[in-house]
Amino acid sequence: MRKVAVNKAILGRYAGREIAGPRPGQPLLRRGALIDAELLEAMQRRGISIAWISDELLPEIDAPEAVKFETREAVRTAFSGAYDSAETWREQKSLPPPEHGLRIEDSTQLLVGEIASSNDVLTNLSFIRAWDDYTFEHSVQVAILSLLIGKRLGMDEDSLSRLGTGALLHDIGKALVPREILQKPSRLTDEEFEIMRQHPQLGWEFLHECFPHIMPTSSIVALQHHERLDGSGYPFGRREPQIYLFSQIVAVADVYDAIRAQRGYRADFSPRQVYDLMRQEAGAKLRADAVEILLRHVALIPQGSVVQLSDGTYGMATKLVPEDVLHPIVLVVAGESGKPLARHEVDLREGGLEVTRLLDGWPREVVAQVR
Ligand SMILES: [Fe+2]
């Protein structure tokens, strides 16, 4: 089963997991259902952005997620309300309905409850690379990652709630940046980049004006999440003691998710490169203990991912190895050219192979020859 973005690419695929409908007992999408144009439209109408599809080659492999689908969608919906509020505020300067802010806190509470009660040694958290709604997916992901860090740093539930709220809203200022700049697919000009760099201040001002009930320790995260411990960040070039703890944690989660999700005109990093880049930044720019927690406890190659190994073969990560985020067990199914191989498990801790690429799905030549 694989997590995918809800768009035309899933037409003709089979649903891997049920999606609840508006009425109990009447799911919008049943497990095993063929996704046709009508179902796709129904999902999009309800604002469902992510679905699980049954894998073409290895449908039997399940990949339990750290956060329940319903919780993730609730958080995403709450964030989307706040984002709409910010866009309206930008265009009309009208104050949003107060429930938009309250929903953020309620949904954060759900996340905190789930993360606080989990005792995974290694968290399986899949992600989808940059697509249309990147800010939405990124914000939810950063909230989850920040909470995982906060929990391992020993925070109580009250602190986690405030941390989660700040993390979820860290990039809300992006709703206040002109859309042409935010969604520009190519490199930004210097001038556009400067406008983009205003999002921390814009976000903080928006929260201050429009969601005054959100605690300052949460809203400060919007202002400070691009500050770096050595003073090299923005908007003010603050140094470690003046950067609030929650902002330091969210900065780590933000960089980590951004590097993992990068692609296109930017780099497309291998899991090892993500690991090394994070290590390089730890201590000087990013809070070292928070980096360490992610690199030890969040799978860089999530269970259920399609991967290519350093010998060119293709397979799927089927089991995670505790405290070893780079070396899951991989079930190899095809050679470099896509030619089927006798299926066999490879333990990446032995034998010197590495995952060189995390793929969004099986390459066409593999599906054509293996199925
Ligand atoms: Fe940001």
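What you are looking at is a predicted structure, and each value in this text was computed from that prediction instead of being measured. Numbering of residues begins at 1 and proceeds along the displayed sequence. Values below: every heavy atom of this structure, side chains too, minus hydrogens, waters and symmetry copies. We count ligands from 1, going down the list as the structure has it; atoms in each ligand are counted the same way.
- Checked by atom type and distance alone, the side chain of Q303 pairs as donor or acceptor with a backbone atom of T318 at under 3.5 Å.
- Judged by distance alone, the side chains of D156 and S159 do bring a donor and an acceptor atom under 3.5 Å apart.
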- Message: Walk me through whether E365 and S337 qualify under side chain to side chain contact (heavy atoms under 4.5 Å, CB included).
- Response: CA-CA 7 Å; E365 64 272 23; S337 56; over 6 Å; no

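- Contact check on R279 versus E292 returns a salt bridge, with a Lys/Arg side-chain nitrogen under 4.0 Å from an Asp/Glu carboxylate oxygen.
- For a distance threshold of 2.8 Å, the protein N, O or S atoms nearer than that to the Fe ion (ligand 1), listed by chain and number, are D171 OD1, H199 NE2, H225 NE2, H226 NE2.
- Remark: R357 CZ to S270 OG distance equals 11.0 Å, nearest 0.5 Å.
- Clustering of Ile, Leu, Val, Met, Phe, Trp and Tyr side chains at separations under 4.5 Å places Y14 together with L34.
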